[in-house]
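Notes to accompany the following structure.
One-based numbering, in listed order, for ligands and for the atoms of each. Keep in mind it's a predicted model, so treat the numbers as computed, not measured.
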Amino acid sequence: MLRYDLHNHKGKNVIVVGAGNSAMNVVFQLLNIAERVYLINSADKPNADEISLNRVKDNPRVKILNSTSVTEILGKDRVQQAKILHLKDKKSETLDVDSIFVEIGYVPSIDYLNGLVQLNERDEIIMIHIMLQVLLEYLLLEM
Ligand SMILES: Cc1cc2nc3c(=O)[nH]c(=O)nc-3n(C[C@H](O)[C@H](O)[C@H](O)COP(=O)(O)OP(=O)(O)OC[C@H]3O[C@@H](n4cnc5c(N)ncnc54)[C@H](O)[C@@H]3O)c2cc1C
């Protein structure tokens, strides 16, 4: 469920902060719109699922910067640059960008599952049985 009007970013350089499923979803939607997408991730590797990551990681328009953080956003009336800190060597660089999307962790609404299914440490549903998959699909349809 995308909450942005991404077509405003046609031909632009953008930053997506985060490297989970939410971030990969935004990056994927931006692939044929933005000129360049920088993915800024404070961890040393992305935590998105393999399918979501594989859809974007080898695209020449995408640059994944692990162990980095946005420290400053610069510009007059609009975003024009962002300062990036490389967390391991403490070096900074400035990227020319037009917009920044922040996707650093939405909390999934799972209360309604109320112990019905097993979750992993990231509160993601663990698929253990075909019947469970059927139940999950039913629950998702009812949401
Ligand atoms: C498209 C999509 C597919 C999904 N598929 C499934 C599924 O198949 N099964 C399931 O159970 N759930 C699924 N989910 C739910 C999702 O996996 C979980 O809800 C997830 O933990 C939340 O994702 P997130 O990317 O918002 O946050 P997180 O997974 O918490 O990721 C946050 C990211 O932000 C980075 N970060 C944090 N702070 C900073 C900072 N200051 N600077 C830079 N980077 C930072 C972290 O390193 C991390 O990469 C899906 C969600 C989406 C949007």
Q) Going by the order shown, which atoms of ligand 1 are within less than 4.0 Å of some heavy atom of Ala19? A) 33 (C), 34 (O), 48 (C), 49 (O)

Q.
Which of the numbered atoms in ligand 1 are under 4.0 angstrom from any heavy atom belonging to Gly105?
A. 24 (P), 26 (O), 27 (O), 30 (O), 32 (C)

Q: Please name all residues satisfying salt bridge (charged side-chain N to carboxylate O under 4.0 Å, His left out) with Glu93, sequence neighbours left out, ordered by chain then number.
A: none

Q. Just distances here: any N/O of Asn47 and N/O of ligand 1 closer than 3.5 Å?
A. yes

Q) If you measure from atom 52 (C) of ligand 1 to every heavy atom of Val16, Asn21, Ile15, which option wins on shortest distance? A) Asn21

(Q) Hydrophobic clusters here meaning ILVMFWY residues chained together by side-chain heavy-atom distances under 4.5 Å, can you tell me if Val102 and Leu95 are in one? (A) yes

Q. What part of Asn25, side chain from CB on, backbone N/CA/C/O, both or neither, has a heavy atom under 4.0 Å from ligand 1?
A. side chain

Q: Find all atoms of ligand 1 within a distance of less than 4.0 Å from any non-hydrogen atom belonging to Ile40, and give their numbers and elements.
A: 43 (C), 44 (N)

Q) What do you reckon, does Ser22 have a nitrogen or oxygen under 3.5 Å from a nitrogen or oxygen of ligand 1? A) yes

Q) Where the closest heavy atom to atom 40 (C) of ligand 1 is concerned, which of Pro46, Ser42, Ser67 has it? A) Ser42

Q) Is a side-chain donor-acceptor pair under 3.5 Å present for Asp49 with Ser52? A) yes

Q.
Check whether Arg55 reaches the backbone of Phe28 with its side chain - one donor and one acceptor, N or O, closer than 3.5 Å.
A. no

**Q.** Side chain, backbone, both or neither: the part of Val17 lying under 4.0 Å from ligand 1 by heavy atom
**A.** side chain

Q) Is the backbone N or O of Pro60 less than 3.5 Å from a side-chain atom of Arg36, with the two atoms forming a donor-acceptor pair by type? A) yes

**Q.** Donor + acceptor pair across side chains of His86, Thr68 (<3.5 Å)
**A.** no

(Q) Under 3.5 Å between any N/O of Ser69 and any N/O of ligand 1: does that happen in this structure? (A) no

Q.
Closer than 4.0 Å to some heavy atom of Ala43 - which atoms of ligand 1 meet that?
A. 47 (O)

Q | Check against side-chain contact (heavy atoms from CB on, under 4.5 Å), His7 and Ile33 | A | CA-CA 7 Å; His7 288 278; Ile33 299 170; 4.0 Å; yes

Please table the atom pairs, donor to acceptor, closer than 3.5 Å between any side-chain atom in residues 75-85 and protein atoms at least two apart or in another chain.
| residue | atom | partner | partner atom | Å |
| --- | --- | --- | --- | --- |
| Arg78 | NH1 | Asp98 | OD1 | 3.4 |
| Gln80 | OE1 | Lys76 | N | 3.0 |
| Gln81 | NE2 | Asp96 | OD1 | 2.9 |

